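Side chains are part of it too, since the values below use all heavy atoms of this structure and drop only hydrogens, waters and symmetry mates. Chain A is the first sequence line, chain B the second, and so forth, proteins listed ahead of strands; every chain is numbered from 1. Computed from a prediction, not measured in an experiment: that's the story for all the values here.
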2 protein chains.
Amino acid sequence: MTNIRDLAKMAGVSVTTVSRVLNSHPYVSEEKREKVLAAIKESNYKPNINAVHLSMGKTFLIGVVVPFIDHPYFSRLIKGIAAEALRHNYKLVLFQTNYDEDKELEALQMLKQKQIDGLIICSRISSWPIIEEYLSYGPITLCEDTRDRKVSSTFVDHYQGFMTALEYLYEKGHRKIGYCIYRSSGTNSKNRALAYQHFIEKYQLSYNPEYIISHCLHFEDGEKVVDKVQQMANPPSALLVTSDEVAAGVVTSAHNRNISIPNDLAIIGFNNQPIAQMMHITTIEIPLMEIGKKLFLQGIFQSDEPFYQEVPVTLIKRGTV
Amino acid sequence: MTNIRDLAKMAGVSVTTVSRVLNSHPYVSEEKREKVLAAIKESNYKPNINAVHLSMGKTFLIGVVVPFIDHPYFSRLIKGIAAEALRHNYKLVLFQTNYDEDKELEALQMLKQKQIDGLIICSRISSWPIIEEYLSYGPITLCEDTRDRKVSSTFVDHYQGFMTALEYLYEKGHRKIGYCIYRSSGTNSKNRALAYQHFIEKYQLSYNPEYIISHCLHFEDGEKVVDKVQQMANPPSALLVTSDEVAAGVVTSAHNRNISIPNDLAIIGFNNQPIAQMMHITTIEIPLMEIGKKLFLQGIFQSDEPFYQEVPVTLIKRGTV
DNA sequence: TTGTATGCGTTATCAC
DNA sequence: GTGATAACGCATACAA
């Protein structure tokens, strides 16, 4: 492996000059620059990233916290982050937490110890005081509405997305609407709940706690949802479902039991995943790949001031409403 | 950030001694070891990984090449790799190739330039001569049967898995059996094709090229499969399908068109993904998470001799046959 | 069993 | 414009 000193010798200049052309700094004559460039080409030189990192005091590593790596929602987010990271010569440190707070703290600790340059938390379990404590050690970026906090984020307005879906169902004549989520504690879930509550109040609909079904995350959870709906004395006529993955499960289960969709039960999913397109599921599109890219850029190129970035969502009308 | 020199002062020893206890080397008295340990605890010391890396000439980075990051098969593999990598303080560099050879070459180049310590190729596009050329620059690990090559691998015996599935269908009375794959050129696909050919010969069944449907990768491809089957003058009575994801798509489409499964069409998927369990799809189980872990260990702790590691598969009988 | 001194390959400071 | 040289923090050969 040829190094910067070898290059200097080959080009007949000093290491400083080599470093200058390597980093395209000013103050180097065209003549010497070309000599160095030639030497680089001839020797097939590549900088030793370890030395660069040590010298710069940076790791070029970005931590990514997700509850589940192999879940369609998060793997799509990771895809976006990874694509942008590669472009900027950053590497990923993937933390799968399973929503275990200790796992998330491990990631936060790595930030504190400067083992990573920044941390992206795609879905959070630790409380605000914890996050805010670690904020002083390095950039933390979230994927939820943080406008009331001093933490940067790229987020989707789940309140608006949910409301749009609800209004659409109302317009279609539905008055008994339920919804599925994974966990009720997350910010995104809370925003969805808030929209639901406001919607109920606005149209003076009755509130039925049964209509809110939690722990829905995978395709196979769709079956549980249909189970519950079938057991209700007064079942909903429409359901907003966690994600298209789960919505697809609901639709599949419903078919198996001769529940007609949308006649017996209308369904709206989220994310506009490929599966929603194939199964003609009406959905709220969330551009996850794009969000992943934004999260990365925000996580690395961050100023002192928190920066909030909202990504718009779109209702995609298909066959399940 | 306190460093090794600060520790030495605090403990009243030399940096060498500190380094020794840090790396649990022998030849350090219990007395001094404890002083150092105390200093470490007190100062909340963490080694600067950049310095460690530079000094050791290693990056502690492992490259992972996949065609698609957000595909259930590969994201599960990544999950296994990431889990094991984290345990060993390694970080991931994710390359999504989309089966573009240049992308794969980028990863290979990084290995050559010592930008990563090892490379795991989960699905390969480049030819053997290319792989073998880069083998001299660092450990490369594959996820396909490489027993006729000098490249290490953790692999599934797709020949055996396919044959098991075929024999099972034969036993159930099927004589017109087709199969779906993504691409025909991969080693794994070739092994499946070989099993199919041997099976056909063994039972003297007629070979119908129509029965082999390629480019099946996602749930939504299941619909195309059903389309094709319906258009055949002499359709197969059973289908081995790329993955459970695609199998689920086939089953869903079949339901939508009142094709009875398994009566009109029997289906066997692969991987035993959660979706297969939910939809009661008969499948060949492939332990992807476990394979991912093995791939990592193999990729990092590799001797000079190539090492081949076969992972067994199991037929899981459910309702689609 | 311990410590000194050197190297790892860069970047950055400063004098020229 | 240019070039010595000092960090950066750790591992290790070698001397003691």
Side-chain angles (χ1 to χ4, degrees), chain A residues 1-40 43-61 89-91 110 112-117 138, chain B residues 1-40 43-61 89-91 110 112-117 138:
Chain A
M1 296 271 89
T2 112
N3 65 27
I4 202 176
R5 245 179 307 266
D6 299 332
L7 286 183
K9 261 182 206 142
M10 291 170 68
V13 300
S14 73
V15 292
T16 310
T17 302
V18 175
S19 179
R20 282 209 182 90
V21 352
L22 243 23
N23 299 288
S24 44
H25 283 170
Y27 305 126
V28 37
S29 67
E30 198 50 44
E31 175 200 11
K32 300 209 170 186
R33 151 169 282 112
E34 275 170 19
K35 278 190 181 171
V36 171
L37 254 22
I40 290 175
S43 64
N44 195 18
Y45 166 84
K46 280 282 171 178
N48 177 318
I49 51 170
N50 288 331
V52 176
H53 296 174
L54 174 60
S55 190
M56 309 225 304
K58 287 176 57 176
T59 62
F60 284 87
L61 253 31
N89 282 314
Y90 267 76
K91 285 87 195 177
M110 279 193 65
K112 177 171 180 177
Q113 313 284 6
K114 306 287 180 207
Q115 315 261 73
I116 51 180
D117 291 347
Chain B
M1 296 269 89
T2 109
N3 64 27
I4 202 177
R5 248 180 307 268
D6 301 331
L7 286 184
K9 262 183 206 138
M10 291 170 68
V13 299
S14 73
V15 290
T16 311
T17 302
V18 174
S19 179
R20 284 209 182 87
V21 350
L22 242 26
N23 299 287
S24 44
H25 282 171
Y27 305 126
V28 37
S29 67
E30 199 49 46
E31 175 200 12
K32 299 208 171 185
R33 150 167 284 112
E34 274 169 18
K35 277 189 181 171
V36 172
L37 254 21
I40 290 175
S43 64
N44 195 19
Y45 167 84
K46 280 281 173 182
N48 177 318
I49 52 171
N50 288 332
V52 176
H53 295 174
L54 175 60
S55 190
M56 310 228 303
K58 288 176 56 176
T59 62
F60 284 86
L61 252 32
N89 282 312
Y90 267 76
K91 286 87 195 177
M110 279 194 65
K112 178 171 180 177
Q113 313 286 6
K114 306 285 179 208
Q115 314 260 75
I116 51 181
D117 291 347

Exercise. Among D:dA4, D:dA11, C:dG9, which is the nearest nucleotide to the side chain of A:Ser14?
Worked result: D:dA4
Exercise. Which atoms form the tightest heavy-atom contact between B:Ser43 and B:Leu7, and what is the distance?
Worked result: OG-CD2, 3.5 Å
Seminar exercise, completed: note: A:His53, atom NE2; D:dC10, atom P; distance rounded to Å ~ 17 Å
Problem set entry | Spacing of B:Leu54 atom CG relative to C:dT11 atom P, expressed in whole Å | 12 Å
Exercise. When rounded to the nearest 0.5 angstrom, what distance separates CZ in B:Phe60 from NE2 in B:His53?
Worked result: 5.0 Å
Seminar exercise, completed: Separation of D:dG9 atom P from B:Ile40 atom CD1, nearest Å, is 16 Å
Exercise. What is the nucleic acid contact for B:Val13, judged by heavy atoms within less than 4.0 Å: base, sugar-phosphate only, or nothing?
Worked result: sugar-phosphate
For this session: Examine D:dG3: is either OP1 or OP2 under 4.0 Å from a nitrogen or oxygen in the side chain of A:Lys32? Give yes or no.
Result: yes
For this session: Grab the two heavy atoms, one from B:Met1 and one from B:Asp6, that are nearest each other, plus how far apart they are.
Result: O-OD2, 4.3 Å
Exercise. B:Ser29 side chain: which of C:dT11, C:dT1, D:dC10 is closest?
Worked result: C:dT1
Exercise. Could a donor-acceptor pair under 3.5 angstrom be found where the side chain of A:Arg33 meets the base of D:dG1?
Worked result: no
Exercise. With nearest nucleotides of DNA chain D determined for B:Thr16 and B:Asn50 from heavy-atom distances, which residue corresponds to the more 5′ nucleotide?
Worked result: B:Asn50
Exercise. Within the side chain of A:Asn50, is there an N or O that forms a donor-acceptor pair under 3.5 Å with the backbone of B:Asn50?
Worked result: no
Problem set entry | Distance, rounded to the nearest Å, where A:Arg20 contributes CZ and D:dA4 contributes P | 12 Å
Exercise. If you check the B:Asn48 side chain, which of C:dT10, D:dC10, C:dG3 turns out closest?
Worked result: D:dC10
Problem set entry | Whole-Å distance separating the NZ atom of B:Lys46 from the C1' atom of D:dC10 | 16 Å
Problem set entry | Distance-only donor-acceptor check, side chains A:Ser19 and A:Thr16, under 3.5 Å | no
Problem set entry | Given D:dC14, C:dT4, C:dT10, the nucleotide with the shortest approach to the side chain of B:Val15 | C:dT4
For this session: Could you work out which one of D:dG3, C:dT4, C:dT10 sits closest to the side chain of A:Tyr45?
Result: C:dT10
Exercise. So what does A:Pro47 hit on the nucleic acid, given a heavy-atom distance under 4.0 Å: a base, only sugar-phosphate, or nothing?
Worked result: sugar-phosphate
For this session: Give the rounded distance in Å between these two atoms: NZ of A:Lys9 and P of C:dG9.
Result: 12 Å
Problem set entry | Selection from D:dT2, C:dT2, D:dG9 that lies nearest to any side-chain heavy atom of B:Thr17 | C:dT2
Exercise. Any side-chain N or O of B:Ser19 under 4.0 Å from OP1/OP2 of D:dC10?
Worked result: no
Exercise. When the distance from CD1 of A:Ile4 to P of D:dA4 is rounded to whole Å, what number comes out?
Worked result: 13 Å
For this session: Measure the distance from NE2 on B:His25 to P on C:dT1 and round it to the nearest whole Å.
Result: 15 Å
